[in-house]
Amino acid sequence: MFNKKLLLAALFALFGAVLLAACQPQTETVTVEVTRVVTETIVEEGGTETIEVTRVVTETVVETVEVEAAPEEEPINKDLIVCQAQEPETLYPWGGSMLAMTAVLHGIYENDITQLSYDYQAQGIEKVPSLADGDAVINVVEAQPGDLIRDTTDAVVAWGEGVTVANADGEEVTFDGNPVMLEQMVVDFTMKPRVWSDGEPVKASDSVFSFNLVGDPDTPTGKYVFERTASYEATGDLTVQWTGVPGYLDSTYFVNFFGPLPEHVLGGFSAAELLEAEESSRLPVGDGPFMIEEWVAGDSIRLVRNPHYYRADEGLPYLNSVTYKFIPDTNQLIAQLLSGACDIGTQDGLSASDAPFLIEAENSGLITPYFQTGTVYEHIDFGIDTVEPYASSRPDWFEDVRVRQAMTMCTDRQSMVDNILYGRSEVIHTYVPSVHPLYPEGLTEWPFDVEAANALLDEVGWVDSDGDGIREHDDGTPFSVTLGTTTGNEMRQQLTQIFKENLLECGIDIELYYLPASEWFADGPEGPLFGRTYDLGEFAWLTGVQPSCNLYGGWNIPGDPEALDADGNPLYPSGWGGQNETGWRNDEFDAACQQAIGSLPGTAEYEEGHILAQQIFSENVPVIPLFLRLKVAAARPEVVNFGVDPTQNSEMYNLYEIDLQ
């Protein structure tokens, strides 16, 4: 083993010698003007007196002098190396959704609107529109029979027979052959003056071009907003206007701006061709801080400064280039971080299981890890209302809210956080984290309390009558239920084992089973989770800036779309595409959630609805919220202005201001 101290001493000695040599005076021959004082003796002709005369003269001479040579400044190499686990399938914004693609696109295209810390910020547009400022308005319009409108089921249909809408006064009106007055949103967006990397200016028509591509059937993107758009048009060189269909009040109207794409480059291709064209998918022209120089398949993508970036006069971007290296092996990625071959390791290549090593490396000053709770939360769901014939095959274990409350108190969620996520996350009590602006006071936060849990189960009347340690239902059936989740996920295997051990302390036997994700998450009626043929199910949902109360709405229960309730209305209006697989229905929760999602952010109705919905949810616990997943990334200490945000998807969102010291 080599001696590290001797090696360091040798390096310092070598560095000192080079520095000393660099500081030695250098000899140089130069031409200079020298001023001299000259004394001359003058003897006047015919005279006998000698006179000394002093005069000043300037002479040009060549002399050898010592001058201090200015040290040469070596240019700083600002080539950032980003190591990520995956290689993008495409760089066409409407052609995919991989996190690895997003990380690269943050360098190629300007962010129009960011989503930092549970809020929205303008970047490529002048401001986020708002009703208060007047760049968003709600007009009242008259919809004629046959006009496209949004009905009370959130479908876009022609105003006609059998259609019900909420009119401008908030009243439900069913078609009677007459026009109807509806509210309609109009939102104006203004882009900052920007330039494509080929020197062409970005125009409002480029945003309209992008909008039309989204709506094309051959473009594999969601059509929800497109289908609820009455018009999207350029109103000036840098301004566009979005108008919703009558009756559609979008709670996130201020993000209905479609990121521009260069029509002068891509306009000659069809939507289907753009999925494969090199000009869109491999070497796109963008308006961001960098432009693509090279893509070596299977190895790397290299970006260099965009000379036409509209913020170049601010000195942005700080980096000369960015190279994305694809390293699917986590151990190799970390090794390259430690050696300096990588400057940043992204979240797609790191996980909470790497925390011990990353923390040790941080303590040694080698790298800086970033642990950030995100918007993905793990939870265990109760099969409260299952479908036949499964419902008849077992007791109705979870209909009584006290059982759900007891099982929640019997679950040591903090132990899961400490043992699985090394204490870097938090236990959650609703479907948003405690740092969310709409996290309410008065929320029921069930503690880990085995004694209280057992007392509550005793109150329900399910006791261990035969002394085998497992409670029985009042019909004598042992309280033995199954818990399913996905295979190949170490974190879920750990938490389900902890849960199984916890529930034994409350006299409940849990049998664990694991299925491939494709089978576990399959649509109903075939899939066990969304087909509602399970006892307990563990998985994760994604929340965001807007609380996701709709995930637990009674209208969102998956089921037979032909089934009707006692009044002849659809029992499962979302069909098998519903997301509330617990089957939980609560009229008060539904009313509060509908109030929230039917109101606009910033209004009292919006905030009150979301707060009340969470309060009802936390008391009734249709699911056991466990903890937030971690976003884990790491960087070399010399990387500055880098960070991970809870609600901004990729950590490379501010690539234009990331720097190397």
Side-chain angles (χ1 to χ4, degrees), residues 143 145-183 223-224 227-228 244-251 381-392 396 398-399 401 523-527 529-533 548-599 605 609-610 612-613 616-617 620 622-623:
D147 289 349
L148 287 180
I149 52 89
R150 174 191 180 272
D151 69 7
T152 52
T153 70
D154 195 30
V156 177
V157 295
W159 176 232
E161 194 66 34
V163 176
T164 300
V165 297
N167 67 15
D169 294 324
E171 304 165 337
E172 288 196 359
V173 176
T174 300
F175 181 74
D176 60 1
N178 295 311
V180 63
M181 304 304 292
L182 299 175
E183 292 182 309
K223 313 293 185 188
Y224 183 87
E227 292 170 348
R228 286 155 182 77
V245 298
Y248 176 56
L249 299 185
D250 188 355
S251 63
D381 291 17
F382 295 102
I384 298 171
D385 183 15
T386 55
V387 300
E388 295 293 354
Y390 188 78
S392 299
D396 193 358
F398 310 120
E399 184 66 30
V401 66
D523 289 341
E526 291 80 13
L529 186 65
F530 292 102
R532 293 170 44 223
T533 56
S548 304
C549 64
N550 59 293
L551 293 174
Y552 304 103
W555 68 90
N556 205 11
I557 297 173
D560 182 359
E562 302 297 324
L564 302 177
D565 63 15
D567 297 324
N569 298 314
L571 186 60
Y572 306 111
S574 297
W576 288 113
Q579 297 166 303
N580 179 14
E581 37 42 72
T582 67
W584 178 64
R585 292 179 187 270
N586 184 292
D587 291 342
E588 292 182 3
F589 176 89
D590 287 355
C593 183
Q594 288 285 6
Q595 174 183 315
I597 62 179
S599 304
E605 292 79 9
H610 276 306
L612 179 57
I616 297 169
F617 174 91
N620 285 267
V623 311

Can any side-chain N or O of [X] pair as donor or acceptor with the backbone N or O of [Y] at less than 3.5 Å?
| X | Y | value |
| --- | --- | --- |
| R228 | G244 | no |
| N620 | I616 | yes |
| D176 | N178 | yes |
| W555 | G578 | no |
| N580 | I557 | no |
| N556 | N550 | yes |
| Q595 | E605 | yes |

Between [X] and [Y], what is the shortest heavy-atom contact and its length?
| X | Y | answer |
| --- | --- | --- |
| V163 | W159 | O-CZ3, 3.5 Å |
| G554 | D590 | N-OD1, 2.9 Å |
| P246 | L182 | CB-CD1, 3.8 Å |
| G575 | P561 | CA-CB, 4.1 Å |
| A613 | A592 | N-CB, 3.8 Å |
| G160 | F175 | O-CB, 2.9 Å |

### Query
Between S392 and E388, is any side-chain donor less than 3.5 angstrom from a side-chain acceptor?
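Checked: S392/E388 side chains pair up, N/O donor to acceptor below 3.5 Å.
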### Between D381 and Y552: side-chain donor-acceptor atoms closer than 3.5 Å
no
Any side-chain heavy-atom pair of [X] and [Y] under 4.5 Å:
| X | Y | result |
| --- | --- | --- |
| E399 | I384 | yes |
| V623 | F617 | yes |
| P622 | F398 | no |
| T533 | V387 | yes |

State the [atom1]-[atom2] distance between [X] and [Y], to the nearest 0.5 angstrom.
| X | Y | atom1 | atom2 | result |
| --- | --- | --- | --- | --- |
| C593 | E588 | SG | CD | 14.0 Å |
| Q579 | S548 | CD | OG | 8.5 Å |
| D385 | R585 | CG | CZ | 7.0 Å |
| L529 | E581 | CG | CD | 4.5 Å |
| E227 | D154 | CD | CG | 10.0 Å |

### Task
Report the residues that fulfil ring pair (Phe, Tyr, Trp, His ring centres under 6.0 Å) with W576, sequence neighbours left out, ordered by chain and then residue number.
none
### Query
How about D565: does its CG atom have over 12 heavy atoms from other parts shown lying under 6.0 Å from it?
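Enclosed: over 12 neighbouring heavy atoms sit under 6.0 Å from CG of D565.
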### Message
Could you walk me through whether T164 and D151 satisfy the side-chain contact (heavy atoms from CB on, under 4.5 Å) test, starting with their C-alpha distance in whole Å, then the side-chain angles of each, then the deciding distance to 0.1 Å, before giving a yes or no?
### Response
CA-CA 6 Å; T164 300; D151 69 7; 5.8 Å; no
### Summary
residues 160-169 vs salt bridge (Lys or Arg N to Asp or Glu O under 4.0 Å), sequence neighbours excluded, gives none
